[in-house]
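Reviewing the structure listed below.
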Amino acid sequence: DRGPGKPEVQMIDHWFDDLHFTSDIILEACSRTLTQTQNPSFQYANKILESWHASGIHHLNEIRELDQKHQKTGKACRDFRKQIQQFLAA
């Protein structure tokens, strides 16, 4: 195990200083990174955090709301795809 290198420290500083995230939000992004990739990836966590910043996320409860919104959108897309496939198969 090693500590973060200079580029990684700069990225962490960016999350705190420029994006104004708290440690709980950063830890949530890191947890999601490990769940999705099974690897610690600063780049992947950064993409999550940049996306949340662009969406105006400031609190954990807003992340949960965004997750629910994405789940509903994803279900609607899957339902639509299924309808199209059924139509094309007919």
Side-chain angles (χ1 to χ4, degrees):
D1 290 319
R2 66 171 183 83
K6 185 176 179 178
E8 295 158 338
V9 169
Q10 290 172 335
M11 195 174 295
I12 293 168
D13 288 342
H14 168 68
W15 298 339
F16 282 110
D17 300 338
D18 301 326
L19 302 184
H20 306 288
F21 283 129
T22 57
S23 58
D24 58 338
I25 291 180
I26 293 170
L27 289 173
E28 179 65 20
C30 292
S31 175
R32 289 172 184 234
T33 296
L34 290 171
T35 298
Q36 290 298 317
T37 67
Q38 288 74 47
N39 289 306
S41 169
F42 278 83
Q43 291 79 14
Y44 195 95
N46 187 60
K47 287 181 183 184
I48 292 172
L49 290 164
E50 291 284 351
S51 172
W52 288 346
H53 183 261
S55 296
I57 299 297
H58 300 289
H59 305 285
L60 282 177
N61 64 327
E62 294 171 328
I63 294 169
R64 289 180 187 87
E65 291 171 8
L66 188 64
D67 287 346
Q68 290 173 348
K69 194 174 179 180
H70 281 288
Q71 287 175 352
K72 288 178 184 176
T73 302
K75 182 181 181 326
C77 288
R78 286 188 300 276
D79 290 348
F80 181 69
R81 187 177 307 123
K82 186 176 180 179
Q83 290 174 351
I84 296 296
Q85 288 171 338
Q86 288 172 345
F87 174 78
L88 293 174

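With sequence neighbours excluded, the residues that form a side-chain contact (heavy atoms from CB on, under 4.5 Å) with Leu66 are Trp52, Ser55, Ile57, His70. For Asn39, the side-chain contact (heavy atoms from CB on, under 4.5 Å) partners two or more places apart in sequence, or in a different chain, are Thr37. Residues satisfying the side-chain contact (heavy atoms from CB on, under 4.5 Å) test with Asp17, not counting sequence neighbours, are Asp13. Remark: Asn61 pairs with His59, Glu65 by the side-chain contact (heavy atoms from CB on, under 4.5 Å) rule, at least two apart or across chains.
Hydrophobic cluster membership is shared by Ile48 and Leu60, with clusters built from Ile, Leu, Val, Met, Phe, Trp and Tyr side chains linked at under 4.5 angstrom.
Contact record, Leu49 with Phe21: O-CE1, 3.3 Å, taken as the closest heavy-atom pair. The shortest non-hydrogen separation linking Ala29 to Ala45 is CB-O, 4.2 Å.
Here the CD1 atom belonging to Ile25 is positioned 7.5 Å from the CD atom belonging to Glu62, to the nearest 0.5 angstrom. The CE atom of Met11 sits 7.5 Å away from the CZ atom of Phe42 when rounded to the nearest 0.5 Å. The CD atom of Gln68 lies 12.5 Å from the CD1 atom of Ile63; values are rounded to the nearest 0.5 Å.
Residue pairs satisfying the side-chain hydrogen bond (donor to acceptor under 3.5 Å, both in side chains) criterion with at least one member in residues 41-50, sequence neighbours excluded, are listed as follows: His14-Glu50, Trp15-Asn46. The side-chain hydrogen bond (donor to acceptor under 3.5 Å, both in side chains) pairs that include a residue from residues 27-36 are Glu28-Arg32, Arg32-Asp67, where partners are two or more places apart or lie in different chains.
At a threshold of 4.5 Å between non-hydrogen side-chain atoms, the residues Leu27 and Asp24 do not count as touching. Residues Ser23 and Phe16 have side chains in contact (heavy-atom distance under 4.5 Å, counting atoms from C-beta outward).
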